[in-house]
S.K.: 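Below is one structure. I have some questions about it.
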Amino acid sequence: MDGSKKKKRKRKTNGSEVVEGFDVFKSSKSLKTKESKSNQEDDFVIHIKEIDKQIERDSQFRKKYGIHVSGYNVASPLWSFDELKTRFDCQSHLLHNITELRFKEPTPIQRQAIPILLSGRDCFACAPTGSGKTLAFLIPMLMKIKGAHEGVKGLIICPTRELAAQTTRECKKFAKGKKLYIKLMTKELSRSCNFEKIPCDILVSTPLRVDFAVFKRKLDLSRVEYLVLDESDKLFELGFVEQIDSVVKACSNPSIVRSLFSATLPESVEELARTIMHDAVRVIVGRKNSASVLVKQKLLFAGSEKGKLLALRQSFAESLNPPILVFVQSKERAKQLYKELALEDIKADVIHADLTQVQREDAVDNFRAGKTWVLIATDVVARGMDFKGINCVINYDFPESAAVYIHRIGRSGRAGRPGEAITLFTKEDKPFLRNIANVMKISGSEVPKWILALPKLKWKKHRPLRDYVGAELDDADE
Ligand SMILES: Nc1ncnc2c1ncn2[C@@H]1O[C@H](COP(=O)(O)OP(=O)(O)OP(=O)(O)O)[C@@H](O)[C@H]1O
């Protein structure tokens, strides 16, 4: 009995308990697995729904600010500068500097380009003149570069020395409170200095100077983590493109983040630029290659060189509302016009490539300080220069291309303020009017119908040989 009971019990124990136990275990596990699987699935569905909602919110938000993106998995735009802290753990000194400068809201290009760059993606960015592109590339750079003084980590290339100097100043303003070495590449620095001995975390330069320093083995760019090509379409033009190519090659860090910024980005440049970008996101604010809508644009027929000078004098006599920027097509013409206006009571100055660096800096500083009312300039200051509160840009000489027109008139109408642009034209400029008229129309300025009816012309560079500034009208020309 005992034995059989034992056996039974044993059987029970060995059989049903084990089996039961196994079953219980198995069934509870499978239940749990099923449960957790379905929980996981639920979580996944919720997660996907959240992502969908976020995508929808992002797209509504982008629409509101005229932001167009292409590329996959694009970072959500910034709703406010505070998100730099909550989403990206931005250091407090940078937020403090942004507040100090009274920047309340990010501009559209800042809303989108900053998170893209912070997520480590390459970026093409095209946004109107005066819309805050500089800060859009400076913030990610200042947030990411630690300042361990291990060589150049951030490199910003600008097409002109004036713009490089301005960008360096801006960069220092926003870096205040962080121990970062920010250097402007001067002629001396590129020729005589060994960067291994000079602390430099962020370097701002023109292409030629940085290329020269690399060529002379005075500058190692292999640690660069952030490369910015500002006014990128200009940098991809003949004359710069070879230097850019060698600088890009010298930035050999595989995890580098490259970005291109400009208000104009022709297809051809984009194609070329794509060869140096990796998995880039493209951001366009507003319409690509368009002028700022804040600038009221006018065309004025002046007949001849004499007529242009008269028109300019007349406009100054009627209402001189400085600061005014007057663009001409060459340094010779800048000198001629300056000679004509220097004796008048309008505090005019001139800037062109024949002046020394110090003279150029003085011209910019005096204009910024309000000591000069009218600055006569070549296209050396047409791009990127941020002269605060320019009321009027006068294209004394017709611009050589639509891009030059957009950049020149973009010196006014910046940071949300209104501006004005007047373009004088003569008979020889007429065939090219249509191209400017299109830009004007798209940005909301009125254009006479007869100009829009002119035949479309393939615009090669329009730089005619012009008579001496103020020359009498040649009767034969009429
Ligand atoms: N978030 C902001 N809020 C207010 N002002 C801003 C903001 N961001 C930049 N600015 C100001 O707007 C002005 C234009 O900025 P910035 O020079 O960066 O324009 P940009 O887009 O680079 O123009 P360009 O195409 O002519 O180079 C500057 O005076 C700058 O200080």
Side-chain angles (χ1 to χ4, degrees), residues 65-67 77-84 90 94-95 97-114 123-142 156-160 162-174 176 204 228-235 259-265 283-295 323 325 327 364 367-368 377 379-390 393 403-419 421 439 443:
Y65 289 100
I67 302 168
L78 281 183
W79 292 58
S80 68
F81 279 129
D82 290 340
E83 267 189 54
L84 289 176
C90 175
L94 182 54
L95 289 169
N97 294 339
I98 292 172
T99 316
E100 277 281 282
L101 290 160
R102 298 206 178 92
F103 288 3
K104 294 193 179 79
E105 291 288 328
T107 63
I109 190 62
Q110 291 164 2
R111 288 183 192 277
Q112 189 57 84
I114 292 172
C123 178
F124 287 99
C126 183
T129 50
S131 67
K133 292 187 286 296
T134 315
L135 198 56
F137 60 73
L138 284 182
I139 287 183
M141 197 181 259
L142 291 171
I156 304 170
I157 311 275
C158 310
T160 62
E162 282 72 18
L163 185 54
Q166 178 183 286
T167 306
T168 311
R169 254 195 324 270
E170 286 293 293
C171 191
K172 285 183 178 169
K173 239 182 341 193
F174 285 95
K176 210 171 125 196
V204 189
V228 177
L229 304 181
D230 193 14
E231 306 296 343
S232 45
D233 52 332
K234 182 78 193 167
L235 296 178
S259 55
L260 270 65
F261 281 80
S262 186
T264 47
L265 196 59
V283 186
I284 311 279
V285 174
R287 275 186 75 154
K288 207 177 143 198
N289 303 328
S290 63
S292 166
V293 291
L294 297 165
V295 185
L325 199 49
F327 281 107
V364 168
F367 191 52
R368 281 212 160 103
D379 288 327
V380 76
V381 294
R383 280 177 177 260
M385 294 304 287
D386 187 47
F387 301 113
K388 301 262 182 293
I390 289 209
V393 169
V404 169
Y405 176 75
I406 291 167
H407 287 279
R408 277 182 178 185
I409 69 162
R411 296 318 96 210
S412 82
R414 301 177 72 75
R417 288 183 213 99
V439 175
S443 50

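One-based numbering, in listed order, for ligands and for the atoms of each. Numbers here simply count residues along the sequence, with the first being 1. Just so you know, these numbers use all the heavy atoms, side chains as well, and skip hydrogens, waters and symmetry mates.
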S.K.: I'd like to check which ligand 1 atoms, numbered from 1 as shown, lie under 4.0 Å from a non-hydrogen atom of E105.
M.R.: 1 (N), 2 (C), 3 (N)

S.K.: Taking only heavy atoms of A415, which atoms of ligand 1 are found under 4.0 Å from at least one of them?
M.R.: 11 (C), 12 (O), 13 (C)

S.K.: Which of the atoms in ligand 1, numbered in the order shown and given with their element, are less than 4.0 Å from a heavy-atom of P128?
M.R.: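 Answer for ligand 1: 21 (O).
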
S.K.: Tell me which protein heavy atom sits closest to atom 8 (N) of ligand 1, plus the residue, atom name and distance to 0.1 Å.
M.R.: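 For atom 8 (N) of ligand 1, the nearest protein heavy atom comes out as Q110 NE2, 2.8 Å.
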
S.K.: With side-chain hydrogen bond (donor to acceptor under 3.5 Å, both in side chains) as the test, would you mind laying out the steps for H407 and T129 before giving the verdict?
M.R.: CA-CA 7 Å; H407 287 279; T129 50; over 6 Å; no

S.K.: Look at atom 29 (O) of ligand 1 and find which of D230, V285, D386, T167 reaches it with the closest heavy atom.
M.R.: D386

S.K.: With atom 30 (C) of ligand 1 as the reference point, say which of F137, F103, F81 has the nearest heavy atom.
M.R.: F103

S.K.: Indicate yes or no: at least one non-hydrogen side-chain atom of E231 is less than 4.5 angstrom from one of L163.
M.R.: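 The answer is yes, as the side chains (C-beta and beyond) meet within the 4.5 Å cut-off.
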
S.K.: Relative to the heavy atoms of R411, which atoms of ligand 1 are at a distance of less than 4.0 Å?
M.R.: 26 (O)

S.K.: Does F387 have its ring centroid less than 6.0 Å away from the ring centroid of F367?
M.R.: yes

S.K.: What protein heavy atom is closest to atom 23 (O) of ligand 1, reported as residue, atom name and distance in Å?
M.R.: G130 N, 2.8 Å

S.K.: Using a 4.0 Å cutoff against the non-hydrogen atoms of K388, which atoms of ligand 1 qualify?
M.R.: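 Those atoms are 29 (O).
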
S.K.: Quick check: T129 and ligand 1, any N/O pair under 3.5 Å apart?
M.R.: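 Looking only at distances, the answer is no, because the N/O contact criterion of under 3.5 Å is not met.
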
S.K.: Within ligand 1, which atoms have a heavy atom of R414 less than 4.0 Å away?
M.R.: 14 (C), 16 (P), 17 (O), 19 (O), 20 (P), 23 (O), 24 (P), 26 (O)

S.K.: Among Y65, F81, W79, whose side chain to side chain contact (heavy atoms under 4.5 Å, CB included) with P106 holds?
M.R.: F81

S.K.: Examine S131 against ligand 1 and note whether any of their N/O atoms are separated by less than 3.5 Å.
M.R.: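 Yes: some nitrogen or oxygen of S131 is under 3.5 Å from one in ligand 1.
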
S.K.: Mind checking whether H407 has a heavy atom under 4.0 Å from ligand 1?
M.R.: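 Outside the 4.0 Å threshold, so no.
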
S.K.: Heavy-atom distance under 4.5 Å between the side chains of K133 and Q110, does that happen here?
M.R.: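 Counting from C-beta outward, K133 and Q110 never come under 4.5 Å.
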
S.K.: For R102, is the nearest heavy atom under 4.0 Å from an atom of ligand 1?
M.R.: no

S.K.: Does a side-chain heavy-atom distance below 4.5 Å link R368 with K388?
M.R.: no

S.K.: Could you tell me whether the side chain of I409 reaches within less than 4.5 Å of the side chain of S292, counting heavy atoms only?
M.R.: no

S.K.: Any atoms of ligand 1 less than 4.0 Å from a non-hydrogen atom of E231? List them with their elements.
M.R.: 27 (O)

S.K.: In terms of residue, atom name and distance, what is the protein heavy atom nearest to atom 25 (O) of ligand 1?
M.R.: K133 NZ, 2.7 Å

S.K.: Check whether any side-chain heavy atom of D233 lies under 4.5 Å from a side-chain heavy atom of R383, and answer yes or no.
M.R.: yes

S.K.: Taking side chain to side chain contact (heavy atoms under 4.5 Å, CB included) as the test, write out the residues that go with A377, two or more places apart.
M.R.: L325, F327, I351, V381

S.K.: Out of the candidates T134, I157, L138, I156, only one should pair with V228 under the side chain to side chain contact (heavy atoms under 4.5 Å, CB included) rule; please name it.
M.R.: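 For V228, the side chain to side chain contact (heavy atoms under 4.5 Å, CB included) check succeeds only for I156.
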
S.K.: Report yes or no: does a heavy atom of R383 sit under 4.0 Å from some atom of ligand 1?
M.R.: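 It does not, in that no heavy atom of R383 comes within the 4.0 Å cut-off of ligand 1.
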
S.K.: Could you list which atoms of ligand 1 come closer than 4.0 Å to a heavy atom of T134?
M.R.: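 Those qualifying, in numeric order: 16 (P), 17 (O), 18 (O), 22 (O).
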
S.K.: Is F137 close to T167 at the side-chain level, that is, under 4.5 Å between some pair of heavy atoms?
M.R.: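 Yes - at least one pair of side-chain heavy atoms lies under 4.5 Å apart.
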
